[in-house]
Structure formats: C-alpha cells, structure tokens
Protein chains: 2
Amino acid sequence: MQQTRQTKQRKIILEKLRKVHTHPTAEEIFQMVLPLLPKVSLATIYRNLEFLEKQGEILKLEHKNNESKNRYDGHTEPHRHLICKKCGEIVDISCCCCCQMNKKDLAKYGFTVDDGFIEILGLCKKCSHK
Amino acid sequence: MQQTRQTKQRKIILEKLRKVHTHPTAEEIFQMVLPLLPKVSLATIYRNLEFLEKQGEILKLEHKNNESKNRYDGHTEPHRHLICKKCGEIVDISCCCCCQMNKKDLAKYGFTVDDGFIEILGLCKKCSHK
DNA sequence: ATTCTTATTGCAAATGGTTCTCAATAAGCA
DNA sequence: TGCTTATTGAGAACCATTTGCAATAAGAAT
Ligand SMILES: [Mn+2]
Ligand SMILES: [Mn+2]
Ligand SMILES: [Zn+2]
Ligand SMILES: [Zn+2]
C-alpha cells in the first residue's frame, strides 16, 4: 500500500470538523477552513473528507433529506441521528439499549450493523408543530 | 387546491412499482414502464414519483449509499430497510417491538417518528464475508 | 542539509442524477 | 362536444461531486 502524507490541509480540516458539534456540508467546511487556508480548493476538501472517512476518522452522512448535499461528522463515537424530513435538522442522540436488540434481530438477516449507522427520519419539534 | 388528473402514465408507474418487491431507481422504473408507454419521458417518471410520494402512495428512499440515485418503494406498510454500505443492497424487514421503544425514547427530543423511516446501514451477508 | 520520489494540491472541466422550461397534449368538468 | 388547465415529452439547465493535469510539497533516502 502507498504511504500517506500529513498535509496542512488534511490536518486543519480534521481539526475544524472535530471542534464543531454540527454536521457541516463540504461547502461549509470549506468556509470554516478558509481563514487558515486562503488558497484551499473545494476539491481538496472533498478529497480529504473521503480520505478521512476511509480512515475511520470521520463519518459521512449520506442522507439527502431536504437538500442533496452530504454532511460530515467529526465525532465517531457510537450515536444515532435524528433527521428532520422537513427542515433537515440533524440531532445527535446517544445509543440506547435498543441497539443491542436490533443487533440480535438483525443477525437473522446476516446483517452486521454498526451502531453509528442507524438513521431515524421524522419531524423535529418545530416542524411537527406546523 | 388544484384538481389532479389520473393519467395513463401515473397509473402505470404506480402499478408497476407496486408489483415488484425491489426498490428501483427512477431509471429502472423508466425501463419497466417503457413497453407499456413507449413515448414516456424520464422527466415524467420523476414528476410522477414526486407526486405519488407526496400523496403517500409510495416511499422515496433518499439514502445514497453506494450510488447517488434515489430509490422508490411501492409498499408503504410500516417496515424498515437494511442498506448494505458496500453493495447497496436493500432488504425489507418487518417492524419489531423496537419501534415502540424508539418512539417513547424519541418523545424526549420532541421527535415524531414514522416507522417506515428508520434506515439501518450495515453490511449484507455477502459483503460481510469478504 | 540537499536531493528525489510521488502523494497531494489548485484549478478547471467533466460527470450524472435530478429539475426546469415551454410548447403540445389530453383529462375530465361544464 | 367544447373548454380549461394539469400533465406531458424533449431538451436544456442545474449543481453537488468527481476527475484530469501540471505544479507543489511531504518526507524518505542520500
Ligand atoms: Mn453526529
Ligand atoms: Mn421496502
Ligand atoms: Zn424540522
Ligand atoms: Zn452488500
């Protein structure tokens, strides 16, 4: 396998992403790192996000709910996402005992489930009141 | 509100989608109806899928896992989807007691959850053996 | 330190699923 | 049977993401 290099771009992208508790898009991450990397390209953001996801350093949320943009998560500890079908808001919730139950149930189907990858789509408080 | 018309296209798209137990893409649905609607346009497929989803007649699966295409489900009875992170395979599973538990847990967050919209991402049998 | 290899970058163009525009068609009420 | 207008077909537009390529720079070798 080929060597990997620790670039300024890669380092800063990961740092910024870990610092926030939101789930920004590639474009938003681009804006976040711009002050530190004035010449960075959006393609570099995409390439590094892909790299970091493959390394297991970040999560890629591929549910295009409201909009068609992917979102990224710098926090990889097991948790679930509530995604509002209407406004797209993403809420982190910690894993409950349910996960274990699911895993057992899912074994029947030969499915291996990572707790981090259960997404629950519904309506957020604000949206369900309209 | 404006009236809706029952067109040949809309009728056939829904019929075909209900008949299969897979989760086809717009393009695949286009191919499915082509024998019956030789002049149909892909735009018409998209427009009707959007219409039917808004009516609650079908489900739109917006998880672009492997590929970036949406998939559609003609079966709206409550069930969950197992989606393979690797090959993209989608498996239907019936709702277990878990759903109820989730709902209670989720009330804390002010989230309204539709059982049909819990997607579980993992690895299918085939892919987890590689 | 300096050289060298090649992973990575910035820029621009390409890609591809989906949406939009608009004139023509046809569903279905009067 | 006419009339209104929702819907269609064809193609262009959109836009998030990916890719090609020459220039740059990480970091191993010297
Ligand atoms: Mn999260
Ligand atoms: Mn299904
Ligand atoms: Zn909302
Ligand atoms: Zn698989």
Side-chain angles (χ1 to χ4, degrees), chain A residues 1-17 23-55 57-73 83 88 90, chain B residues 1-17 23-55 57-73 83 88 90:
Chain A
M1 71 196 83
Q2 73 177 25
Q3 64 163 314
T4 65
R5 294 175 186 178
Q6 167 77 335
T7 65
K8 196 153 39 104
Q9 291 87 340
R10 186 166 294 163
K11 190 165 161 288
I12 290 175
I13 288 168
L14 181 56
E15 279 173 3
K16 281 283 183 191
L17 194 48
H23 304 83
T25 62
E27 175 64 37
E28 286 167 349
I29 294 165
F30 177 67
Q31 296 299 332
M32 287 160 63
V33 302
L34 215 43
L36 293 169
L37 302 167
K39 316 201 58 166
V40 75
S41 151
L42 188 51
T44 297
I45 306 292
Y46 276 110
R47 278 184 294 230
N48 277 302
L49 290 171
E50 190 191 353
F51 177 95
L52 292 167
E53 194 220 351
K54 286 221 176 89
Q55 300 287 311
E57 305 261 36
I58 66 172
L59 302 176
K60 188 177 184 185
L61 310 185
E62 306 189 269
H63 209 288
K64 47 174 177 181
N65 192 30
N66 223 2
E67 55 200 10
S68 55
K69 297 167 192 164
N70 290 324
R71 292 187 165 271
Y72 299 87
D73 191 335
I83 305 174
I90 299 177
Chain B
M1 72 195 81
Q2 73 177 24
Q3 64 162 315
T4 65
R5 295 175 186 177
Q6 165 79 335
T7 65
K8 196 154 39 106
Q9 290 87 339
R10 184 166 295 162
K11 191 164 161 287
I12 291 175
I13 289 168
L14 182 55
E15 279 173 3
K16 281 281 182 191
L17 193 49
H23 304 84
T25 61
E27 176 64 37
E28 287 167 349
I29 294 165
F30 177 67
Q31 295 301 331
M32 286 159 64
V33 302
L34 214 44
L36 292 170
L37 301 167
K39 314 202 60 166
V40 76
S41 152
L42 188 51
T44 297
I45 305 293
Y46 276 109
R47 277 184 296 231
N48 277 303
L49 290 172
E50 190 192 354
F51 177 95
L52 291 167
E53 194 220 351
K54 288 222 175 89
Q55 299 288 310
E57 304 262 35
I58 66 173
L59 303 177
K60 187 178 183 183
L61 309 184
E62 305 190 89
H63 210 288
K64 48 173 176 182
N65 193 31
N66 221 5
E67 56 199 10
S68 55
K69 298 167 192 164
N70 291 324
R71 292 187 166 271
Y72 298 87
D73 192 334
I83 305 174
I90 300 177

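Just so we're on the same page: letters track the sequence lines, and every chain starts at 1.
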Inset, instruction - Write down the distance between CD (Gln2(A)) and C1' (dA26(D)), rounded to a whole number of angstrom. - result: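 For the pair Gln2(A) CD and dA26(D) C1', the rounded distance is 13 Å.
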
Inset, instruction - Using atom CG of Leu37(A) as one end and atom C1' of dA25(D) as the other, report the distance to the nearest whole Å. - result: 14 Å

Inset, instruction - Tell me what Gln9(B) touches on the nucleic acid: a base, only sugar-phosphate, or nothing, going by heavy atoms under 4.0 Å. - result: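 It contacts sugar-phosphate atoms only.
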
Inset, instruction - Indicate yes or no: at least one non-hydrogen side-chain atom of Gln9(B) is less than 4.5 angstrom from one of Leu37(B). - result: yes

Inset, instruction - Provide the start and end nucleotides, 5' to 3', of the part of DNA chain C that has atoms under 4.0 Å from heavy atoms of chain A. - result: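 Endpoints of the contacted stretch of DNA chain C: dT5(C) to dT18(C).
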
Inset, instruction - List the atom of Pro24(B), the atom of Leu17(B), and the distance in Å for their closest heavy-atom pair. - result: CG-CD1, 3.6 Å

Inset, instruction - Apply the salt bridge (charged side-chain N to carboxylate O under 4.0 Å, His left out) test between Arg71(B) and each candidate in Glu28(B), Glu62(B), Glu53(B); give the one that qualifies. - result: Glu28(B)

Report the distance from atom [atom1] of [X] to atom [atom2] of [Y], rounding to the nearest 0.5 Å.
X        : Y        : atom1 : atom2 : result
Tyr46(A) : Glu27(A) : OH    : CD    : 7.5 Å
Glu57(A) : Phe51(A) : CD    : CZ    : 8.0 Å
Leu14(A) : Leu52(A) : CG    : CG    : 5.5 Å
Ile29(A) : Ile45(A) : CD1   : CD1   : 7.0 Å

Inset, instruction - Could you encode protein contacts along nucleotides 10-20 of chain D as a string, one character per nucleotide from 5' to 3', using B for base contact, S for sugar-phosphate-only contact and - for no contact, with a heavy-atom cut-off of under 4.0 Å? - result: BB----SSBBB

Short heteroatom pairs, N/O only, protein and nucleotides 28-30 of chain D, under 3.5 Å:
none

Inset, instruction - For side-chain contact (heavy atoms from CB on, under 4.5 Å), just list the numbers for Leu34(A) and Gln31(A), CA-CA rounded to whole Å, side-chain angles, deciding distance to a tenth of an Å, and then say yes or no. - result: CA-CA 5 Å; Leu34(A) 215 43; Gln31(A) 296 299 332; 3.9 Å; yes

Inset, instruction - For dT5(D), take OP1 and OP2 only and decide whether either is under 4.0 Å from a side-chain N or O of Arg5(B). - result: no

